[in-house]
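Below, chain A is the first sequence line, B the second, and so on; all start at residue 1.
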Amino acid sequence: MLKVEKLQSKLNGKLILNDFNLHVNRGEIHGLLGENGTGKTTVAYLIMGVNNYQPTEGKIIFEGQDIAKLSVSQRAKQGISLAWQEPVRIEGLRVGDYLKLSGNNLEIEQTKRCLRMVGMEPAQYLDRDIDNTLSGGERKRIELASLLAMHPKLAILDEPDSGIDIISLPLILNGIAEMSKQGSSVLLITHNEKVVEIANRVSVLCAGKIIRTGVPLETSQWFKDNCRTCVHINEPEEEDKKL
Amino acid sequence: MISYSIEKEYQGLVDAYEKAGGDRSTLLSKEVAKLVIHENKVLGVDGVNGIQIETKETETGVNIYFLVEEGAKILRPVHLCFGILPQEGLQEIILKVDAQDNSEVSVIAHCIFPNAVKVIHKMDADIEIGNNAKFDYKETHYHGDFGGIEVIPKAKITLGEMAQYENTFRLIQGSVGTLDFDFEVFSGARSVAELIAKVYSKKDDVIKIVEKVHLNGNGARSLIKTRIVLRDRARAEVIGETYGNAPYTRGHVDCIELVNGEQAVAKAIPIVSVTDEKAKVTHEAAIGSIDKRQVETLMTRGLDENQAVDVIVKGILR
Ligand SMILES: Nc1ncnc2c1ncn2[C@@H]1O[C@H](COP(=O)(O)OP(=O)(O)OP(=O)(O)O)[C@@H](O)[C@H]1O
Ligand SMILES: [Mg+2]
């Protein structure tokens, strides 16, 4: 469904990703593990096309089409969406209306269902604004609910677990599982090796590229053993000095 | 003959109100207190228990005395309707409000100028809210698209001890024309004042909003909240002033102006000052184009850019 090939990204002249390859299959939850600053959000932005991010090299193929030149709206209409690591606040936009527009005029009963799937009581939240009166964790869960409402073919979740406490984490994981059950493929970005246990496959990002892909338990164990102590976290190698 | 013409004008206003999205039944219901004024003619006055409304037509408008009796708690909002239906006209409203001690009322004012080409609507209000009284005033304007209108509301508001006053001014529909808004509040001890203004300006609209609060009584609190969206060549200047003159007073000035047009010009001048060391007054003002991340977030949900901007603008003006 998604094939990212030989992707390179430079931000302000600094190489962030180089020779980055990633395949997300239809119906799978694909975990993307990486330490702070390895370029996970950069990957998410490049696939979604936000923040003016453009690959300096490589291809982003979604359902057979290179989408690297499409606008954000066009990509969303093709079926890609992003739950942001730090979701924005919008004054005066009610939670209910945010979910409604996310689901292209979704019915109220369905928006309630989406909130329940991330463990939020609809009566308590539908009329709240998604402004800065919501706590960080609440806003993150609403971001997830928004993607449940939208029901994209590919959901990119940028650290849905960060800022979520230990009690709410199972609710978030439940929301992600529901998303997958609904038929969305999921690119699950995180640095928490516990979270990727719900994935079908996991890839590890380091030094600007995917250095390993495999089954969750084994791959996250490898990540723990190797990446936690690794020194070249976000220093992609130029062509001549390979890892 | 006269009553026939009043009936016709009344219907005309109600129609215009409904066309602008209002609920016609509220203006026709016998159970709500209301006052309907077209140009300088009083078309209807209905009081309810606890409220007295006296009017006097003048050459250019109407003088209104609005009394909420001591201790009266008015259950249903009082509706005021001010309108000018022809393309030209002048309407000067002189309003005296006396909300006596321990009274409670909420007033909804509809200002309807759907066809204005050369219309002036002026209001001079002297509002006195008694001790422990609650007065909630919401004014919504329905303008046509031509923009040939000058709206000049001025008010002086005096709040007794523990009085609660909330004023919401909304001018979202149609062209603003020229708005010259000037409200000044004098707050008594432990009173609460909230001044909210929301304006959507387009084309060559010119907006000036001055809101001043003098926190003169111990523990008085206030909030001035202004939200302006500017398009095209619209210009706006917002001056929010709060003076903490007594101990434990708290005031906040909060202004956001969203500029969505290359030639639009926005200005915000917050003035906060304290003359008592135990007073605290704060302000925040943000002027700028629409936040790109907000737009992009909505675009990731499938909205195109214009739709996204629309949602953000509606939100800020809601
Ligand atoms: N505009 C920029 N110019 C230069 N470097 C940048 C720019 N934006 C991001 N970076 C760098 O790119 C690297 C990758 O950032 P990114 O946000 O993708 O990391 P991340 O893996 O998502 O980290 P985190 O776990 O903290 O969310 C970081 O080292 C960051 O400092
Ligand atoms: Mg990140």
Side-chain angles (χ1 to χ4, degrees), chain A residues 41 44-45 47-53 70-106 127-132 139 142-143 145-158, chain B residues 138 140 168-173 194 196-200 223-230 238 252-260 266 268 282 284-318:
Chain A
T41 296
Y45 283 8
I47 300 171
M48 195 71 238
V50 294
N51 211 26
N52 292 327
Y53 278 29
L70 298 186
S71 73
V72 181
S73 305
Q74 283 168 328
R75 292 182 210 208
K77 283 179 182 134
Q78 301 271 339
I80 306 176
S81 196
L82 167 67
W84 303 65
Q85 183 173 353
E86 279 161 24
V88 280
R89 314 296 180 132
I90 303 179
E91 186 175 304
L93 180 58
R94 292 190 198 93
V95 170
D97 291 328
Y98 184 46
L99 300 185
K100 185 177 168 185
L101 73 82
S102 297
N104 192 10
N105 229 351
L106 194 68
D127 286 334
R128 295 272 306 271
D129 286 357
I130 59 162
D131 60 8
N132 47 23
R139 180 65 189 89
I142 285 161
E143 193 65 1
S146 159
L147 281 218
L148 281 161
M150 182 177 173
H151 203 311
K153 290 178 190 164
L154 173 66
I156 307 166
L157 311 180
D158 194 356
Chain B
K138 290 193 168 58
T140 304
T168 308
F169 178 87
R170 298 170 60 82
L171 207 173
I172 315 286
Q173 276 193 30
E194 248 179 67
I196 299 163
K198 302 202 171 188
V199 180
Y200 192 7
L223 169 67
I224 298 175
K225 181 169 163 179
T226 319
R227 298 289 181 266
I228 316 265
V229 176
L230 299 98
V238 176
H252 186 59
V253 181
D254 172 9
C255 174
I256 297 179
E257 292 178 67
L258 280 188
V259 183
N260 187 25
T282 51
E284 56 187 308
I287 297 189
S289 54
I290 293 177
D291 185 77
K292 190 158 174 269
R293 247 166 68 83
Q294 291 182 344
V295 176
E296 281 198 330
T297 294
L298 298 176
M299 287 169 75
T300 61
R301 302 301 183 262
L303 271 57
D304 62 38
E305 191 170 344
N306 286 336
Q307 291 171 322
V309 167
D310 227 45
V311 168
I312 294 159
V313 164
K314 282 210 181 91
I316 205 113
L317 294 175
R318 201 187 69 171

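Between B/Leu298 and A/Ile90, some side-chain heavy-atom pair lies under the 4.5 Å cut-off. The shortest side-chain heavy-atom distance between B/Asp304 and A/Lys77 falls under the 4.5 Å cut-off. Two residues are said to be in side-chain contact when any heavy atoms from C-beta on lie closer than 4.5 Å; B/Gln294 and A/Glu91 fail this criterion.
One finds the CG atom of B/Asp291 at 12.5 Å from the CZ atom of A/Arg89 (value rounded to the nearest 0.5 Å). Considering CG of A/Asn104 and CG of B/Leu303, their distance stands at 8.5 Å, rounded to 0.5 Å. Separating the CG atom in A/Asn51 from the NZ atom in B/Lys292 is a distance of 6.0 Å, to the nearest 0.5 Å. In this structure, CG on A/Asp131 lies 10.0 Å from CD1 on B/Ile316, to the nearest 0.5 angstrom. Note that the OG1 atom of B/Thr297 and the CE atom of A/Met48 stand 10.0 Å from one another [nearest 0.5 Å].
Looking at every heavy atom in both residues, B/Gly302 comes nearest to A/Ala76 through N-CB, 3.5 Å. A/Ser81 and B/Arg301 make their closest contact through OG-NH1, 3.1 Å (heavy atoms, listed as atom of the first residue, atom of the second, distance). The two residues B/Glu296 and A/Asn52 make their nearest non-hydrogen contact at OE2-N, 4.4 Å.
Contacts between A/Gln74 and chain B at a heavy-atom distance below 4.5 Å are absent for every atom of the residue. In this structure, no portion of A/Pro152 lies under 4.5 Å from any heavy atom of chain B. Interface remark: B/Leu317 contributes no atoms to any contact with chain A (heavy atom separation under 4.5 Å). There is no contact between A/Ile156 and chain B, counting heavy-atom distances below 4.5 Å.
For chain A, the option among B/Arg318, B/Arg227, B/Lys314 with the highest count of heavy-atom pairs below 4.5 Å is B/Arg318. In terms of heavy-atom pairs under 4.5 angstrom with chain B, the leader among A/Val50, A/Leu147, A/Leu93 is A/Val50.
Every side-chain contact (heavy atoms from CB on, under 4.5 Å) that B/Gln173 has, sequence neighbours left out, goes to B/Ala20, B/Tyr142. Not counting sequence neighbours, the partners of A/Arg94 by the salt bridge (Lys or Arg N to Asp or Glu O under 4.0 Å) test are A/Asp97.
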Practice problem: Report the C-alpha separation of A/Leu101 and B/Gln307 in whole Å, then their side-chain angles, then the decisive distance to 0.1 Å, and conclude whether the side-chain contact (heavy atoms from CB on, under 4.5 Å) test is met. | Solution: CA-CA 10 Å; A/Leu101 73 82; B/Gln307 291 171 322; over 6 Å; no

